[in-house]
Amino acid sequence: MSQAPTTTSDDVPFRYTAALAEQIELRWQDEWERRGTYFTPNPSGHLTDGEGRHADPAARPFYVMDMFPYPSGAGLHVGHPLGYIATDVVGRYRRMCGDNVLHALAFDAFGLPAEQYAVQTGQHPRTTTEANIAIMQRQLRRLGLAHDPRRSFATIDPDYVRWTQWIFLQIYGAWYDEDAVRADGGRGRARPVAELAEEYASGARPLPADVEGVTPGATWADLDEATRRRVVDSRRLAYLSHTPVNWAPGLGTVLANEEVTADGRSERGNFPVFQRSLRQWNMRITAYADRLTDDLDRIDWPEKVKSMQRHWIGRSTGARVRFAVQGGSEVEVFTTRPDTLFGATFMVVAPEHPLLDEVPAAWPDGTHDVWTGGHASPADAVTAYRAEAAAKTAVERQQDAGRKTGVFTGHLAVNPVNGALLPVFTADYVLMGYGTGAIMAVPGGDERDFAFAQAFELPVVHTVDAPEGAPEGARTGDGVVINSANDEIDLNGLTVAEAKDRVVAWLAERGAGEKTVTYRLRDWLFSRQRYWGEPFPIVYDEDDNPIALPESALPVELPDVPDFSPRTYDPDDADSEPEPPLGRNEDWLYVELDLGDGPRRYRRDANTMPNWAGSCWYHLRYLDPRAEDAVVDPELEQYWLGPGHGHQDASSVGGVDLYVGGVEHAVLHLLYARFWHKVLHDLGHVRSAEPFHTLFNQGYIQAYAYTDERGVYVPAAEVVEDEASPTGFSYAGEPAHREYGKIGKSLKNVVSPDEMYDAYGADTLRVYEMSMGPLDLSRPWETRAVVGAQRFLQRLWRNVVDEQTGELVVSEEAPSTETLRLLHRTVADVREDMEAMRINTAIAKLIVLNNHLTTLERAPRAAVEALVTMVAPVAPHIADELWHRLGHERSVVHARFPEADPAYLVEDTVTCVLQVAGKVRGRAEVSPSVTEDELRALALADAGVQRALDGRDVRTVIVRAPKLVNVVPA
RNA sequence: GCCCCCGUGGCGGAACCGGCAGACGCACUCGACUCAAAAUCGAGCGCCGCGAGGCGUGAGGGUUCGAGUCCCUCCGGGGGCACCA
């Protein structure tokens with residue numbers, strides 16, 4: 001292994017230069033591959049370690065995972081590997097602490113960019129995607145990541161797609177039983193739909209009333225085949241429905257709510273999005289709203305991500321209240337403030353609300369002119385307003401937020417608490433998609449209602465007391481209830497919370513309302529009109545009924561089509577229709593199958609699944625990417641993910657021990673994956689209740705970019721600091737303006753890892769990226785600072801190897817007490833830092849130790865070996881090389897991380913700080929066991945203390961032995 | 001508008017429980033080595049001051065023997081949500 005380097009610095013053949021680093025790194029990468037060094041053994045099955053053994057029962061499993069990459073054609077920049085290096089360091093550290101570490105990297109390879117790239121180049125997306133994966137794998141291999149190569153896969157692999165489709169069928173084949181008791185004692189879980197049909201058939205469960213063809217009092221036996229099917233289909237967790245969906249004509253596809261930005265545009269491509277009613281696949285994620293919220297308390301995630309998920313799910317506790325409408329109908333509202341019911345002075349329904357399908361023929365008495373919008377009849381006014389609202393794009397709605405428009409509908413509703421007649425308006429500030437699409441408006445208690453009341457000259461009644469001189473507007477805070485009493489109920493004098501309970505109880509008694517919970521979360525729109533995604537394992541019969549394909553028909557593979565791109569339209573053409581590319585291959589689209597009742601012709605579903613599908617369950621696939629018998633082997637799942645596995649305590653929900661990735665997936669991937677995992681949990685496929693137990697959001701590496709006078713980006717690498725330039729920087733002699741932000745080709749500030757490998761080597765890049773700052777912080781890339789990391793490794797190298805001869809220079813003598821003290825202090829501190837993922841400060845302490853060894857004539861072997869093992873997680877190549885040169889046969893990967901000897905952690909003297917009035921005036925070397933009295937005397941006798949006291953009396957002396965004394969003058 | 005996070009040398013950052021502010025690295029300055037340069041090694045490096053010393057963690061106030069750390073107000077930066085009843 002230790003042949004002479006071929007490339008050397010002029011006169012120092014064994015100096016740790018970029019050339020030598022490269023040689024060492026490539027050699028060890030090959031060696032690791034040859035030996036299967038990073039093969040992670042499972043407790044059973046075909047995956048063993050590099051020496052053919054199953055997992056050591058004494059080793060605790062530790063599962064570390066990265067958010068897997070999307071293999072784009074652009075290649076990596078130095079910002080990309082940050083998280084991968086961090087997980088690698090943690091994984092290597094845990095391995096050296098004796099854990100069985102699972103760490104691998106797959107590829108998230110379906111999706112729009114690959115499809116668009118394929119369209120541009122005229123190549124099949126599979127061809128371009130696989131080529132990109134190969135490039136990325138090469139770039140990542142050069143980093144020396146300790147991944148088990150046997151566990152890599154891509155979401156586009158047919159045997160992965162097969163299981164993605166299988167999971168879809170599980171979800172399709174399940175319904176949510178709100179009453180079923182779970183293992184954890186809670187209520188509600190998914191069950192197979194076959195059991196639902198049995199319960200309907202036996203009469204154990206009443207038939208739903210909201211399905212077409214189910215008449216009141218009907219039994220299962222009364223229903224025809226088509227109705228039975230509709231009943232069951234209406235309860236599935238994956239279901240087809242005609243619902244308003246987000247249609248982006250410019251993209252040619254529909255999108256999930258999570259993929260639409262707040263201003264009503266597509267997250268990808270920034271195209272306008274329109275609401276269209278289309279028949280699409282949906283996933284009943286709303287059934288899990290409560291559990292998705294509650295279980296956030298049981299996982300170790302950044303509070304920021306938890307709060308984003310909580311907010312996205314938007315659980316809100318309040319009441320439903322029913323108002324009779326004159327003319328016989330009824331309108332139900334949702335409110336979080338039932339205590340303000342006496343302050344309701346009008347009502348508002350969304351423009352899409354069914355109450356508006358019929359309106360009174362003429363304006364009732366008492367109609368204000370401003371309410372009618374100048375229309376002659378309610379029908380005219382409502383029709384006009386509905387049309388106006390429907391034509392509004394989401395962007396316009398967004399811009400109009402705050403400005404209140406609306407029109408009176410002619411309807412009058414009766415306030416159940418006081419019989420007051422309330423005019424019913426329609427206005428687009430009330431959304432059909434939330435609550436019941438109707439509100440009771442309380443301008444005295446709600447700012448939006450107040451603004452509407454101002455615009456439409458409606459009365460304001462306050463129901464919460466306010467101090468003298470309080471403004472006229474809505475009182476949204478807590479307070480004492482006023483103006484709220486009728487013959488049967490008196491809320492006056494109560495707090496808001498008390499009044500809520502009281503009025504809800506009263507409403508419930510009279511059947512006019514009840515306490516309820518509502519959510520902001522909507523079901524997940526799950527079909528896309530794209531080519532490059534998983535096809536649905538669904539066919540349709542001649543009546544257009546969906547039929548699940550049997551497992552034996554999986555995977556349903558993508559057909560070749562003449563053109564991969566979805567049909568796109570003018571981005572503003574709201575009336576266009578989605579047209580999926582898969583529909584272009586009729587040979588594939590129509591298929592003859594025998595699904596139990598003889599060969600018949602079926603039509604396949606031409607949609608594909610969204611990009612998120614593959615990332616919902618890849619954490620299960622790493623356990624055994626070749627598993628064929630089950631989505632995941634239960635034994636492996638319990639071992640790597642199960643509740644109470646490895647480092648987790650027995651009451652844990654289970655899940656990946658450390659999941660690292662950017663915060664941008666806070667409500668997309670991370671919510672969807674939790675949902676799928678919970679369905680699989682309910683159906684008995686996994687014991688863990690959550691996929692990711694601990695989540696860590698790494699920051700981003702950013703960079704400076706520079707523009708010239710015209711605002712055009714200039715190559716950042718060629719910009720120099722220049723005092724003569726008014727901006728402080730110049731490019732080609734001209735002033736350059738500096739900005740700070742993303743790394744990107746268009747910004748001309750990309751630094752690729754390959755450049756760093758060439759100039760410094762992978763270990764230096766790793767040390768630099770890990771030492772730049774705390775992992776969760778974004779920080780600027782600075783190429784000129786990388787040399788600091790290289791100097792550290794060079795000094796480490798020189799402490800072991802003679803630069804001229806290549807011979808070992810370590811001393812075989814025992815280290816001095818001073819060295820041992822520093823060594824053990826360093827070991828203790830580095831362990832603590834590593835456990836807390838403070839890799840930056842761990843490196844700082846390793847540098848201190850290394851610098852100390854540098855000052856010695858010869859570094860003692862015992863200290864050097866400990867240092868090399870501690871450096872190994874961060875700089876694995878140089879560590880293995882030095883370890884080998886120090887005479888070890890097995891890789892340092894298998895060495896144990898050093899443990900601190902407590903005997904060397906106690907100092908025999910401590911520096912005690914002597915303060916006067918909190919300011920340091922002196923220091924004293926004292927024994928750690930010094931008494932308070934001794935310290936007090938010592939401090940008062942100190943010259944610096946006396947000088948600072950300047951003759952003043954001493955009021956008191958605070959002693960914190962042995963570190964600090966504070967003398968407080970009078 | 002609401003919610004959350006963050007403001008420390010020229011720069012990235014450290015200070016974990018309220019107890020020596022500025023670990024470690026970059027840049028910079030000086031010195032050694034060298035014909036010279038690079039590399040390397042050594043010393044210095046918050047600000048003001050010749051000095052003793054004074055002042056310093058966005059600003060102001062508070063709590064405390066003692067505050068970068070806790071509390072209040074404000075300023076600045078970043079992020080999330082945004083007519084969600």
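In what follows, chains carry the letters A, B, and so on, assigned in the order in which the sequence lines appear, proteins first and then strands, with residues in each chain numbered from 1. Because the structure is a prediction, the values reported are computed rather than measured.
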Original post:
To the side chain of A/P780, which of B/G19, B/G12, B/A85 is closest?
Top reply: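 Comparing B/G19, B/G12, B/A85 against the side chain of A/P780, the answer is B/G12.
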
Original post:
Of the non-hydrogen atoms in A/I743 and A/A703, which two are nearest, and what is the gap between them?
Top reply: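 Heavy atoms of A/I743 and A/A703 come nearest at CG1-CB, 3.7 Å.
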
**OP:** Over all heavy atoms of both residues, which pair between A/V460 and A/F450 is shortest? Give the atoms and the distance, please.
**Re:**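 Answer, listing the atom of A/V460 first, then A/F450: CG2-CE1, 3.9 Å.
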
**OP:** Measure from CD on A/E769 to P on B/C26 and round the result to the nearest Å.
**Re:**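 Rounding to the nearest Å, CD of A/E769 and P of B/C26 are 17 Å apart.
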
**OP:** Start with the C-alpha gap between A/L938 and A/V930, add the side-chain angles, then the distance that decides, and say whether side-chain contact (heavy atoms from CB on, under 4.5 Å) holds.
**Re:** CA-CA 11 Å; A/L938 197 139; A/V930 69; 5.8 Å; no

**OP:** Tell me whether the centres of the aromatic rings in A/F456 and A/F346 are closer together than 6.0 Å.
**Re:**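 Ring-ring flag for A/F456/A/F346: false, centres at least 6.0 Å apart.
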
Subject >> Sugar-phosphate, base or nothing in reach of A/T956, heavy atoms under 4.0 Å >> reply: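 It contacts nothing in the nucleic acid.
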
Subject >> Residues A/E303 and A/R310 bridged, charged N to O under 4.0 Å >> reply: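 Looking at A/E303 and A/R310, the cut-off is met.
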
**OP:** Would you indicate what A/T854 reaches in the nucleic acid, counting non-hydrogen atoms under 4.0 angstrom: base, sugar-phosphate, or nothing?
**Re:**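 Contact class for A/T854: none.
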
**OP:** Please name the pair of heavy atoms, one in A/P962 and one in A/S927, separated by the smallest distance, quoted to 0.1 Å.
**Re:**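 Between these two residues, the closest heavy atoms are CB-O, 4.0 Å.
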
**OP:** For A/V913, report the nucleic acid contact type (base, sugar-phosphate, nothing); a contact means any heavy atom under 4.0 Å.
**Re:**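 If one applies the 4.0 Å heavy-atom cut-off, A/V913 turns out to touch a base.
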
Subject >> P gap between B/C41 and B/G22, integer Å >> reply: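 About 24 Å, rounded to a whole number of Å.
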
**OP:** Scan side-chain atoms only and decide if A/Y706 and A/N749 contain a donor-acceptor pair under the 3.5 Å cut-off.
**Re:**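 Distance-only check fails for A/Y706 and A/N749.
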
Original post:
Roughly how many Å is it from CE in A/M772 to C1' in B/G13, rounded to a whole number?
Top reply: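 Going from A/M772 (CE) to B/G13 (C1'), I get 11 Å.
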
Original post:
If the C1' atom of B/G7 is compared with that of B/G12, how far apart are they to the nearest Å?
Top reply: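 Each nucleotide's C1' atom is 15 Å from the other's.
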
Original post:
Counting just side-chain N and O atoms, does A/N966 come under 4.0 Å of either OP1 or OP2 of B/U64?
Top reply: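 False: A/N966 side-chain N/O out of range (4.0 Å or more) of B/U64 OP1/OP2.
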
Subject >> A/T841, nearest nucleotide to its side chain (from B/A14, B/C11, B/C20) >> reply: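 Of the options given, the side chain of A/T841 lies nearest B/A14.
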
Original post:
CZ of A/R310 versus P of B/C81: gap in Å, rounded?
Top reply: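 Between P of B/C81 and CZ of A/R310: 16 Å.
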
**OP:** Between A/R838 and A/S778, just flag the one whose closest nucleotide in RNA chain B comes earlier from the 5' side.
**Re:**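 Nearest-nucleotide comparison on RNA chain B picks A/S778.
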
Subject >> Between P of B/A82 and CE of A/M308, the distance in whole Å >> reply: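 In whole Å, B/A82 P lies 10 Å from A/M308 CE.
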
**OP:** Select base, sugar-phosphate, or nothing to describe what A/S307 touches, counting heavy atoms under 4.0 Å on all strands.
**Re:**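 No contact.
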
Subject >> Pairwise 5' ranking along RNA chain B for A/K304 and A/R955, keeping only the more 5' one >> reply: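 In this pair, the answer is A/R955.
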
Original post:
When the distance from OH of A/Y768 to C1' of B/C24 is rounded to whole Å, what number comes out?
Top reply: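 Computing the A/Y768:OH to B/C24:C1' distance gives 13 Å.
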
Original post:
Taking a pair as Watson-Crick or G-U wobble with both distances under 3.5 Å, which nucleotide is matched to B/C2?
Top reply: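 Across any shown strand, B/C2 pairs with B/G80.
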
Subject >> Nearest-angstrom distance, P atom, B/G68 to B/G76 >> reply: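 Straight-line distance between the two P atoms is 24 Å.
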
Subject >> Anti versus syn assignment for B/C17, with syn defined as within 90° of 0 >> reply: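 Because its glycosidic torsion lies within 90° of 0, B/C17 adopts the syn conformation.
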
**OP:** Indicate the atoms forming the closest heavy-atom contact of A/L422 with A/T345, along with that distance.
**Re:**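 Heavy-atom minimum between the residues: CD2-C, 3.6 Å.
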
Original post:
Considering only the C1' atoms, how many Å lie between B/A32 and B/A39, rounded to the nearest integer?
Top reply: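 Rounded to whole Å, the distance is 14 Å.
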
**OP:** Please examine the side chains of A/F14 and A/T805, heavy atoms only from C-beta on, and report whether any two atoms are closer than 4.5 Å.
**Re:**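 No - every pair of side-chain heavy atoms lies 4.5 Å or more apart.
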
Original post:
Looking across every strand, which nucleic acid part, if any, lies under 4.0 Å from A/L777 by heavy atom: base, sugar-phosphate, or nothing?
Top reply: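 Sugar-phosphate contact only.
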
**OP:** Name the nucleic acid region contacted by A/V442, choosing base, sugar-phosphate or nothing; use a 4.0 angstrom heavy-atom cut-off, strictly under.
**Re:**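 Nothing, no nucleic acid heavy atom in range.
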
**OP:** Go ahead and name the base partner of B/C33; Watson-Crick or wobble counts if both distances stay under 3.5 Å, otherwise write none.
**Re:**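 The answer is none; no pair meets the criterion.
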
**OP:** Between B/C16, B/A85, B/A21, spot the one nearest the side chain of A/V920, thanks.
**Re:**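 Selected nucleotide (nearest to the side chain): B/A21.
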
**OP:** Please work out whether the ring planes of A/F452 and A/Y429 are parallel, tilted or perpendicular, with thresholds of 30° and 60°.
**Re:**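 Rings of A/F452 and A/Y429: tilted, as their planes differ by 30° to 60°.
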
Could you list all N or O pairs between the protein and nucleotides 50-55 of chain B that sit under 3.5 Å apart?
residue, atom, partner, partner atom, Å
B/G53, OP1, A/R947, NH1, 3.1

**OP:** Tell me the partner of B/C26, counting only Watson-Crick (N1-N3 plus N6-O4 or O6-N4) or G-U wobble (N1-O2 and O6-N3) with both under 3.5 Å; none if nothing fits.
**Re:**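 Answer to the pairing question: B/G10, which forms a Watson-Crick or G-U pair with B/C26.
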
**OP:** For A/E447, answer base if it contacts any base atom (sugar-phosphate contacts may also be present), sugar-phosphate if it contacts only those atoms, and nothing otherwise; contact means non-hydrogen atoms under 4.0 Å.
**Re:**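 No contact.
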
**OP:** From the options B/C81, B/C65, B/G13, select the nucleotide whose nearest atom is closest to the side chain of A/R520.
**Re:**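 From the listed options, B/C81 comes nearest.
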
Original post:
What pair of heavy atoms forms the shortest contact from A/R337 to A/M440, and how long is it?
Top reply: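 Minimum heavy-atom separation between A/R337 and A/M440: O-CE, 3.6 Å.
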
Original post:
What nucleotide, of B/A85, B/G19, B/C24, holds the atom closest to the side chain of A/V848?
Top reply: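 Output: B/C24.
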
Original post:
Hey, does A/D428 reach any base, or is it just sugar-phosphate, or nothing, if we go heavy atoms under 4.0 Å?
Top reply: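 If one applies the 4.0 Å heavy-atom cut-off, A/D428 turns out to touch a base.
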
Original post:
Hey, is the side chain of A/R960 pairing donor to acceptor with the base of B/G19 inside 3.5 Å?
Top reply: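 Result: at least one qualifying N/O pair found.
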
**OP:** Would you mind telling me which of A/T826, A/D833, A/D829 makes a side chain to side chain donor-acceptor pair (under 3.5 Å) with A/K845?
**Re:**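 Among A/T826, A/D833, A/D829, the one that satisfies the side chain to side chain donor-acceptor pair (under 3.5 Å) with A/K845 is A/D833.
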
**OP:** Using a 4.0 Å heavy-atom cut-off across all strands, classify A/A844 as base, sugar-phosphate, or nothing.
**Re:**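 Base contact.
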
**OP:** Considering only atom C1', compute the distance from B/C4 to B/C20 and round it to an integer number of Å.
**Re:**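 Approximately 34 Å lies between the C1' atom of B/C4 and that of B/C20.
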
Polar pairs (N or O, both sides) under 3.5 Å between protein and nucleotides 37-40 of chain B?
residue, atom, partner, partner atom, Å
B/A39, O2', A/R15, NH1, 2.8
B/U40, O3', A/R798, NH2, 3.0

Original post:
CD of A/Q702 versus C1' of B/G79: gap in Å, rounded?
Top reply: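 Spelled out: CD on A/Q702 to C1' on B/G79 is 12 Å.
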
**OP:** Determine if the base of B/G62 is syn or anti; take syn to mean the glycosidic torsion is within 90° of 0.
**Re:**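 B/G62: anti.
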
Original post:
From B/C65, B/A15, B/A14, pick the nucleotide closest to the side chain of A/N840?
Top reply: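 It is B/A14.
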
Original post:
How are the rings of A/Y704 and A/Y740 set to each other: parallel, tilted or perpendicular (split at 30° and 60°)?
Top reply: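 Because their plane-to-plane angle lies in the 30° to 60° range, the rings of A/Y704 and A/Y740 count as tilted.
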
**OP:** Could you check which nucleotide pairs with B/G19 in any of the strands shown, counting Watson-Crick or G-U wobble with both distances under 3.5 Å?
**Re:**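 The answer is B/C65, by the H-bond criterion.
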
**OP:** Could you check whether A/R784 gets within reach of a base, just the sugar-phosphate, or nothing at all, counting any heavy atom under 4.0 Å?
**Re:**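 Since only primed, P, OP1 and OP2 atoms lie under 4.0 Å of A/R784, the category is sugar-phosphate.
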
Subject >> Which nucleotide in B/C24, B/A85, B/G19 has an atom nearest any side-chain atom of A/I958 >> reply: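 Taking heavy atoms from C-beta onward, the closest nucleotide is B/G19.
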
Subject >> Nearest-Å distance once atom C1' is located in both B/G62 and B/G66 >> reply: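 B/G62 and B/G66 have their C1' atoms separated by 15 Å.
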
Subject >> ring-ring contact (aromatic ring centres under 6.0 Å, His included) partner of A/Y768, chosen from A/F792, A/Y760, A/W781 >> reply: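 Result for ring-ring contact (aromatic ring centres under 6.0 Å, His included) with A/Y768: A/W781.
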
**OP:** In whole angstrom, give the distance that lies between atom NZ of A/K845 and atom P of B/A23.
**Re:**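 Answer to the nearest Å: 13 Å.
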
Original post:
When the distance from CG of A/D833 to P of B/C24 is rounded to whole Å, what number comes out?
Top reply: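 About 14 Å, once rounded to whole Å.
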
Original post:
Reckon A/I847 touches a base, only the sugar-phosphate, or nothing at all at heavy-atom distances under 4.0 Å?
Top reply: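 The residue A/I847 makes sugar-phosphate contact but no base contact.
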
Subject >> For B/A59, the Watson-Crick or wobble counterpart (both distances under 3.5 Å) >> reply: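 B/A59 is paired with B/U73.
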
**OP:** For A/K963, answer base if it contacts any base atom (sugar-phosphate contacts may also be present), sugar-phosphate if it contacts only those atoms, and nothing otherwise; contact means non-hydrogen atoms under 4.0 Å.
**Re:**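 No contact at all - A/K963 keeps every heavy atom at 4.0 Å or more from the nucleic acid.
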
